[in-house]
Each structure stands twice: as C-alpha cells, then as structure tokens.
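Sequence lines set the chain letters: A, B, ... in the order given, protein chains first and strands last, and positions in each chain run from 1.
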Number of protein chains: 2
Amino acid sequence: MSTRESIILLAEKLVKEKGFNAFSFHDIAATIGIKTASIHYHFPTKADLGVAVLEQQKTRLYQMQESVQDKGVLAKLEAFFSIYNNLPRENMVCMVGSLATDFNAIDPKVQENLSEFADLVLQWLTDILQEGKRENIFHFTTPTKVKAVQIASSMVGVVQLQRLVNEDDNFFKKVKDNIIKELKAK
Amino acid sequence: MSTRESIILLAEKLVKEKGFNAFSFHDIAATIGIKTASIHYHFPTKADLGVAVLEQQKTRLYQMQESVQDKGVLAKLEAFFSIYNNLPRENMVCMVGSLATDFNAIDPKVQENLSEFADLVLQWLTDILQEGKRENIFHFTTPTKVKAVQIASSMVGVVQLQRLVNEDDNFFKKVKDNIIKELKAK
DNA sequence: GTCTATATATAGATAGAC
DNA sequence: GTCTATCTATATATAGAC
C-alpha cells in the first residue's frame, strides 16, 4: 500500500474516532512513521486530505453497489447496513455524521464533497427501498425518499448514541433489526 | 443575565454550530466583549465549561419535563421533539450528537456528563412512549426502550443530514411527522 | 471580576537539502 | 519522496495588577 493510501486510510479512521478537527498531521505521521512535512507532499493542505478521504469513500461505495447489483433486495439492504455494522465495536461513528457535526468548521471543498457523498448514500438507500416495494417485500406507505432519510438518520444517530450508553445494551443491532422488521411488516 | 450565564449560553450555541473542539475561548470573549482570561475566572478549563453547558442542558430538560407533566402524551411527545425543532433553521445540530462525534477528543468529565444527559433524554422518551401505549394512543410492538432509541437516533441523525442536503427539502419535518404517524398507526 | 502580559503547547504550512 | 529546520498562527492557561 502506498504512503498516500496509508495516509487516507488512517485519516478516515481518525475522523471516525475523533473528528476532523481533533486529529493532526502529527497523529498520522507518528503512526505511519514519517514526518508531517511528508504528508504535505501528498496533500498540500488538511482540506485536500479531507477531500481525498471523501473521494475514497465514494469509490468504496461504488464498489459496494456494484458487488451487490445482481443480488436480492435484502442483500442490498444488508450491504447498506454494512456501512455502519462495525463502527460501534471499533468505537467509531460514521463519516457523514462525524463531518456533519463539524460542518461549519471545515473547508468548503470538504463540505461540498461531504454533501455529495451523503446524497449518494441516500439515493442508494432510496433505490433499494423502491426495489423492495416493487417486489412486494417492503410495505411502507411513506414517500420512499422520506423513509430512506428516516432510516439513514437512525443509523447515523444510533452509532453516536451507542457510544454514550452501556455497551452491554447493543442498541445498534436492536435498532437495525427493528428497522428491517418494520420494512417487512404488512 | 450574568457573565457566567452568557458564557454558557454562547458555548452551547457554538458547540451546536461548530463542535466543542472547533470553538475557542477567543470566540466567546470577542462576542460578549471580555478577554479570554476573564473566562478562565468563571471556568478554569474548557472542560469545566463543557460540564457547565451539560448541567445547564439537564436543568432545562427537567424544566421542560415539569412544564408538560400534566399534559397529554402527544403534548409530551411534541415537547421531546422541541429539543430539535429549531436546530435546522439555525444551522445547528443537537448537543448530544455534536459531542458524541467528538467523544474520544473530549475530557472524561465532559464525557461522563454527556452520557448522563443522553440517558435522561432517552429515559424521558421511553416514559412518554410507555404512557402512549398504556393509553392506547401508540401501538408499536417493539420493546419500548428500543423504539425510544430508534426515534431519538432518527432525530440526532436527521438534523445532521439536513445540513448536507438542499434546505428546500425539509426532511427534518417530514421525518418527524412520519414518526408521529407511525406511532399512531394500528 | 476583569484586565495586561506572558507562558507553553501545538497546529498547519513552507523552504530547501538530500 | 522524505527529511530538517523554521515560520506563523492560535489554542489553553496562568500570574499578578487594578
């Protein structure tokens, strides 16, 4: 893996763990064994690094969409949830939520890329829900986009709340399972 | 209003707008017309200020609970939603979500107070939902606490997503209205 | 209770050698 | 592509005068 890729991956981890404005080039440099000046060679500014992280997120999303395109709607829904599945265990929140709370404190370039990534995720979930309705697997009556926003919001929020409560209560899994149950209910 | 109260109120606003680690004592000092050293007289450390903000949030929550204790369950539910109602318009996210994403970058004292405040909010919503079931106004079958976490998560998340999408689409209101509709549905 | 002045630390960023 | 060295800005925090 190239140094550039290592930096992006570690930056992603740190954003999800601590937030964009709480990690520093020094955190990254110390972990991967280089100096902060070397990071600036790959990413002139921290905003450039933020943009690169979001572009990588988009690429990963496209790959995930492609990998399940021939599968059933329930497999696609599970792929959507896989964005969030491992976060609580790793003491992380999702990229969108982490950057959204810092929105007014990040560079406009990062803001723009974040909005685009969030739109992609929302549109993907909307498409999945629509397909489920068409196939008579899901039976909600709410407008599909609204339902998608509601479900995505639940995921964004529950990984954050999970951090604050006793981890014996696996609210993340309970909420996720309940969402699937409600989607299937007639 | 005392200087101390002014500092707490402004800190609350800044946390919801930019995040705890993105505002500085200088931001507060400049706005209310004092020097940063004066803030340290009231709050020795930034963590102390964070704790004070959360204690004020708890006090406000208790007052809200008391103000609706003799009203109907739908009025209580609306009081719960009032925590979030004005946030999108003011370009803010909620206190719990803002601090949860920064959880690993804030002082343990602030972490602890945040967890307590989140527990209070969740327990309040759980009580409201339970009362609604008892009075046959709500008809969900999911365990009440899980339903409360799911709804609270939706609110935490939707005020964050609302920041990222076209504000012409008032997803916050649509999601909130849909949650109420689903609670009442048989 | 607020001020001036300052200490101390750390951040992002740049210049130029290798 | 990474380094050393340095710049500049800003953060939290403290000491002591008023």
### Query
F23(B) near the nucleic acid: base, sugar-phosphate alone, or nothing, with a heavy-atom cut-off under 4.0 Å?
sugar-phosphate
#### Entry: Working for side-chain contact (heavy atoms from CB on, under 4.5 Å), residues L120(B) and Q65(B)
CA-CA 11 Å; L120(B) 284 175; Q65(B) 289 175 331; 5.7 Å; no
### Message
Do Q130(A) and R134(A) pair up side chain to side chain, a donor and an acceptor below 3.5 Å, judged on atom types alone?
### Response
no
### Query
Would you call R163(A)-E17(A) a salt bridge at under 4.0 Å N-O?
no
### Task
Classify the nucleic acid contact of F25(B) as base, sugar-phosphate or nothing, counting any heavy atom under 4.0 Å across all strands shown.
sugar-phosphate
### K71(B), NZ atom: more than 12 neighbouring heavy atoms under 6.0 Å
no
### Query
When you list every nucleotide of DNA chain C with an atom under 4.0 Å from a heavy atom of chain B, which one comes first 5' to 3', and which comes last?
dG1(C) to dT4(C)
## Note on the structure
Heavy-atom nearest nucleotide on DNA chain C taken for A37(A) and for H26(A); more 5' hit belongs to H26(A)
### Query
Parallel, tilted or perpendicular for H40(A) and F25(A), by the 30°/60° rule?
tilted
